[in-house]
Structures are given as structure tokens and as C-alpha cells.
Amino acid sequence: MSKSFIFNMGYDTSHVHSVLSKEGLEPGSSVILLVPPGKTGSQSSDKRQENAIHDISNYLSSLDLNVELETMRLKGVFDQDLLALNRFLSGLEGEVCLSLSGGSRDILIPLTLAASYNSQNIEKTYFRSDLNSGLNTFELPDSLFGADSVEKELLELAAGEPKTADQLSQRKNTSKSTVYRKLRSLKENGLIEKTEEGYQPTLLGQILIEKL
């Protein structure tokens, strides 16, 4: 079974080497480096990022194990990166090892959230302690709120253009009282929000829709 290693990539590659050495690479494994957008007008930062990726590439080539190296460049925009990382993590197959050490905090926050929404897909999560520099593992909690079948259907119906409770009741072919009760539950769990135009999924709601 293939094994995927995911790293939040900064300029320091030591955490990448540490995890790969501890886990051990096998033929057919893949290493995915999550890369932040380049800093505007900063060629030196882009060069340091390029050198770090080149260092990992050379290390993998020296092992002669036919390990695939991929880079995923993110946008540095929280909601877009969270959705992109959620789609990416939910689509992985085989054993997944994730490192939350190093790299940009702009990626670390959406990456940690997306990982907690896909904790069932992640075998091991590593982080390097700031207290003793040790490499530790921990189990990610599943932080994505659930919803029953009616709530999930209402959430999907509300996607796209905002819908009023009346519109949702008609499309779901169920009573308004039931719709209002389910919408209240969805709102309390942060999955839906009410705007002037009607109800629409929140960012968390969009993630749940993608996982249905």
C-alpha cells in the first residue's frame, strides 16, 4: 500500500529529514510539500524556498527508491486554502503521515483544521516540540460536526444562491416547522448562516457538503 508524507514547507528542511528517517521510505511512497505563495517583491525568500525544495529532491534521489516528490502551492487565503486542503486530504489513499512542524503559519492553521476534518484518513501526525526539540506524534481529534440526513439535505439545497426557509421547505417537500428546527440546529453547529437573502452554508458547511 502506498504511503504519503505531507509537510508544511519552509526554509528549514530538518523536520522533513527527521520524519522521513523515523518512518522509513518505501518504493512507491510520495512526499508532498505544501508551499506558501511567494512574498511580493522578495526574490530572496523565493530563492530560499527553491533551495529547500531542491534539498529534499536531492535527498530523495539519493535513496534511489522511486519516491515521488510533489509540491502544492497554496494561495495564502484562509478560506480558499482550507477548502483546497480539505479536498486534497479527503482524496488521499493509503497510509498518510502529516507533519505540522515548520513552514508558514498562514498554511499551518488551515492545514491543522483540514487535517482534523479528515483525521480518519491520517495515520500519524508529527510535530517538533519548541520545548525540547523532540519529534512527537499525537492523534488528531475529529472536529467536524455531524448532521442528520435531513440537515445534510437542507445544507446541500442551500448551497449556491441563498435560500429562504420557505424555498427550502418547498424543495425538501417538508413542513416549515421541521425546516426551521433543522436550520436552527445547523446554525448552532456553525454549518449554516442567515443573510438578508436567505440561508447559506458557512465555510464549515461547505466542507461538510464536500464530504457527503
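Both backbone and side-chain heavy atoms feed into the values below; hydrogens, waters and symmetry mates do not. In this text, all values refer to a predicted model and were calculated from it rather than measured experimentally.
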Enquirer: In this structure, which one of I107, L34, V35, L33 forms a side-chain contact (heavy atoms from CB on, under 4.5 Å) with M72?
Expert: L34
Enquirer: Let me check something: do F5 and L85 share a hydrophobic cluster, defined by ILVMFWY side-chain heavy atoms less than 4.5 Å apart, either directly or through other members?
Expert: no
Enquirer: Side chains of N8 and H15 only: does a donor on one sit below 3.5 Å from an acceptor on the other?
Expert: no
Enquirer: Does a sphere of radius 6.0 Å around CD in E139 hold more than 12 heavy atoms from other residues, nucleotides or ligands, not counting ones at 6.0 Å or beyond?
Expert: no
Enquirer: Write out all pairs satisfying salt bridge (Lys or Arg N to Asp or Glu O under 4.0 Å) with one or both partners inside residues 110-128, taking only residues at least two apart or from two chains.
Expert: E23-K124
Enquirer: Do you see a donor-acceptor pair shorter than 3.5 Å between the side chains of T164 and D166?
Expert: no
Enquirer: With a 4.5 Å cut-off on side-chain heavy atoms, are L204 and Y117 touching?
Expert: yes
Enquirer: Please check if any side-chain donor atom of S90 sits under 3.5 Å from a side-chain acceptor atom of E210, or the reverse.
Expert: no
Enquirer: Quick check: is F88 connected to I122 through a chain of hydrophobic side chains (ILVMFWY, heavy atoms under 4.5 Å apart)?
Expert: yes
Enquirer: Examine distances only and state if a side-chain atom of S57 and a backbone atom of I53 form a donor-acceptor pair shorter than 3.5 Å.
Expert: no
Enquirer: Calculate, to the nearest 0.5 Å, the distance between atoms CD and OG1 belonging to Q206 and T202 respectively.
Expert: 7.5 Å
Enquirer: Would you mind reporting whether L100 and L111 have side-chain heavy atoms less than 4.5 Å apart?
Expert: yes
Enquirer: Is there a donor-acceptor pair closer than 3.5 Å between any side-chain N or O of T137 and the backbone N or O of Y126?
Expert: no
Enquirer: Kindly say whether E161 contributes a backbone atom to a donor-acceptor pair with the side chain of K163 at under 3.5 angstrom?
Expert: yes
Enquirer: Atom CG of N66 and atom CG of L25: how far apart are they, to the nearest 0.5 Å?
Expert: 11.5 Å
Enquirer: Atom CG in L74, atom CG in D81: separation rounded to 0.5 Å?
Expert: 4.5 Å
Enquirer: Is L20 close to L63 at the side-chain level, that is, under 4.5 Å between some pair of heavy atoms?
Expert: no
